[in-house]
Amino acid sequence: MFATLSDRITASFKNLRGKGRLTDADIDTTIGEIRRALLDADVALPAVRAFTSQVREKARGVEVSAALNPGQQIIKIVNEELIEILGGATRELRFAKTGPTVIMLAGLQGAGKTTLAGKLGKWLRESGHTPLLVASDLQRPNAVTQLQVVGEQAGVPVWAPEPGNGVGDPVEVARSGLATAKSRLHDVVIVDTAGRLGVDQEMMQQAIDIRDAVHPDEILFVLDAMIGQDAVHTAEAFRDGVGFTGVVLSKLDGDARGGAALSVRTVTGVPVLFASTGEKLGDFERFHADRMASRILDMGDVMTLIEQAEKAFDEGEAEKMAEKLGQGAFTLDDFLSQLGQLRRMGSMKKMLGMLPGMGQLRDELDNFDEREVDRIEAIVRSMTPAERANVKILNGSRRSRIARGSGTTVAEINAFVERYLQAKTMMESMARSGGGMGGPGGMGGLGGMPGMGNMPGMGKKARGRQAPAKKRPKGKSGNPAKRARQEAEMERKARQRAEEASKPKPKGSSFGLGSLGSAAGADQSFEVPEGLEKFLKK
């Protein structure tokens with residue numbers, strides 16, 4: 001969602017590179033570009049004015065730092081102000097000291113309240129709570145049925161005494177739902193309320209009546225992050241009518257410009273607590289202002305990546321895989337197991353987008369085809385157990401059979417096997433020397449595949465071996481003149497090989513089905529971000 005805004009803000013810093021100090025003209029030019037970027041992103045004008053005035057004031061009053069150049073100083077200031085405009089420190093949910101905690105959801109129709117109720121219920125259940133969903137949206141067709149389906153998928157019970165579709169009293173349903181939660185010892189009650197196509201007094205009054213009936217500890221306003229400037233007017237109307245204690249941004253994975261996220265905190269003064277980042281029930285996370293600011297400034301979101309890795313990877317399995325790597329016993333069956341753990345972290349495109357500096361490779365990231373990972377899995381699953389254990393037995397006929405079974409070509413099979421053997425040799429060598437590739441499955445924790453910087457589906461497909469096989473050198477001639485020429489030629493080739501060996505070589509794709517670093521001038525090495533070291537060690 002913030003791709004365009006991120007590109008434009010980071011581009012505004014380029015003019016500051018190489019400057020020895022910040023002048024008023026430099027500050028005004030940079031802030032002017034940031035201001036236009038925010039307005040184009042549909043950020044509310046009051047938020048833009050507050051943001052730019054704070055950045056200008058701090059930039060002109062900043063002390064000269066020996067550690068930071070002018071561009072870095074501006075980035076630091078912008079980052080601090082982005083964190084502030086997005087909400088500052090992360091606030092936790094307020095839980096009731098006695099009795100069940102009541103969380104009421106409010107918002108416009110179509111904002112995603114019902115789906116979000118299931119996501120929040122699943123998140124609370126996984127956090128050790130026992131939530132109950134209450135179906136108080138009795139106006140929208142099939143809203144009750146939808147909540148029951150979502151609740152079943154999330155593993156959370158649903159209280160739905162009325163069929164809905166215009167039948168029943170939503171206030172009485174909310175009241176009876178709270179009583180049921182008390183009798184069944186649920187510690188959290190999530191009340192799903194009705195929305196409308198626009199802000200109207202009838203909807204507000206119904207929400208006020210439900211609020212007065214259940215006395216919620218938290219009223220979460222569900223805001224569609226794709227509606228732009230209108231989000232501000234909607235949020236103000238709900239704040240003045242029902243009132244709310246927190247905001248949940250839905251559809252944050254959309255292609256809108258993201259102005260709602262940057263506006264709602266400044267305009268309403270209420271923090272954003274959660275963000276819905278996809279259609280699946282697991283695409284739900286706490287909203288951290290500092291992490292979102294880092295994403296906007298293309299500094300990545302390593303902490304969220306670490307948290308997802310901790311959930312997805314099994315520590316015992318990781319130690320077992322690391323041990324197998326050190327013993328040289330790592331097979332394609334082990335790789336398949338690690339690939340499954342990597343997929344449990346979610347979308348690979350989303351994970352890659354959390355790495356620092358990925359904005360420089362946005363085109364490759366946008367063109368990333370996750371189906372290439374399916375092809376890799378199809379290749380491995382098309383092999384017999386013996387072939388997975390020892391790929392060196394793959395002759396021509398076996399490779400043809402695997403290609404037919406996986407819907408790929410023999411060239412792709414050749415490239416995959418070659419890359420696998422190269423990566424396996426490298427990782428086993430590093431594992432034996434204590435080089436730190438023994439994270440989950442010895443695959444670098446987040447990688448699932450070594451060389452996380454180069455993932456399949458992000459470049460041109462490899463076409464197999466490109467270089468011709470080297471010919472064996474002929475023996476020395478008995479003719480002295482010819483032998484002298486041969487020796488001179490051998491010395492020339494030896495020097496050439498030594499020069500080529502001394503040059504740094506770019507890292508290739510882990511298993512030969514593409515290259516993230518194919519963009520001209522891109523740095524193809526992968527520097528492990530701070531905080532991921534524990535996933536890269538035994």
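Ion pairing between a basic and an acidic side chain is recognised when a charged N comes within 4.0 Å of a carboxylate O; R388 and D333 show such pairing. With respect to E279 and K119, no salt bridge is recorded, no charged nitrogen being found less than 4.0 Å from a carboxylate O.
Looking at E218 and M104, their side chains never come closer than 4.5 Å, going by heavy atoms from C-beta outward. Inter-residue side-chain proximity for V167 and L138 is flagged as unmet; no heavy-atom pair is nearer than 4.5 Å. Under the 4.5 Å side-chain criterion, counting only non-hydrogen atoms from C-beta, Q146 is in contact with T115. Side-chain contact between D334 and T331 is present, with at least one heavy-atom pair separated by less than 4.5 Å. Using a 4.5 Å cut-off on side-chain heavy atoms (C-beta onward), V188 and I103 make contact. The shortest side-chain heavy-atom distance between L249 and F274 does not fall under the 4.5 Å cut-off. Looking only at side-chain heavy atoms (C-beta outward), V173 and V134 come within less than 4.5 Å of each other. Contact of the V102 side chain with the L178 side chain is registered, since non-hydrogen atoms from C-beta on lie closer than 4.5 Å.
Inspection of the T101 and D217 side chains reveals no N or O donor paired with an N or O acceptor under 3.5 Å. No side-chain donor from either of D283 and T277 sits under 3.5 Å from a side-chain acceptor of the other. Looking only at atom types and distance, the side chain of T130 has no donor-acceptor partner in the side chain of R184 under 3.5 Å away.
The nearest pair of heavy atoms linking G118 to L133 is CA-CD1, 4.3 Å. For the pair A213 and R175, the tightest heavy-atom approach, listed with the atom from each and the gap, is CB-NH2, 3.7 Å.
Every residue two or more places apart in sequence or in another chain that forms a side-chain contact (heavy atoms from CB on, under 4.5 Å) with A378 is listed here: S406. H186 meets the ring pair (Phe, Tyr, Trp, His ring centres under 6.0 Å) test with no other residue; sequence neighbours excluded.
Under the 3.5 Å distance criterion, the side-chain polar atoms of D240 are left unmatched by any main-chain donor or acceptor of A237. With hydrogens and angles ignored, the 3.5 Å screen pairs no side-chain donor or acceptor of T268 with any backbone N or O of A235.
Because its NZ or CZ atom is not both nearer than 6.0 Å to the ring centre of F221 and within 45° of the ring axis, R239 does not count as a cation-pi partner of that residue.
Here the straight-line distance linking atom OG1 of T193 with atom CZ of R140 works out to 11.0 Å at 0.5 Å rounding. Annotation: the span from L120 atom CG to S127 atom OG amounts to 9.5 Å, rounded to 0.5 Å.
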Q | Audit row: K113, D192, salt bridge (Lys or Arg N to Asp or Glu O under 4.0 Å) steps and yes/no | A | CA-CA 7 Å; K113 293 189 303 301; D192 179 30; 5.3 Å; no
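Remark: E152 CD is loosely packed, at most 12 non-hydrogen atoms of other residues, nucleotides or ligands lying under 6.0 Å away. The environment of R35 atom CZ is sparse: at most 12 non-hydrogen atoms of other residues, nucleotides or ligands sit within 6.0 angstrom.
Under the 30°/60° scheme for interplanar angles, the aromatic rings of F95 and H129 are found to lie parallel.
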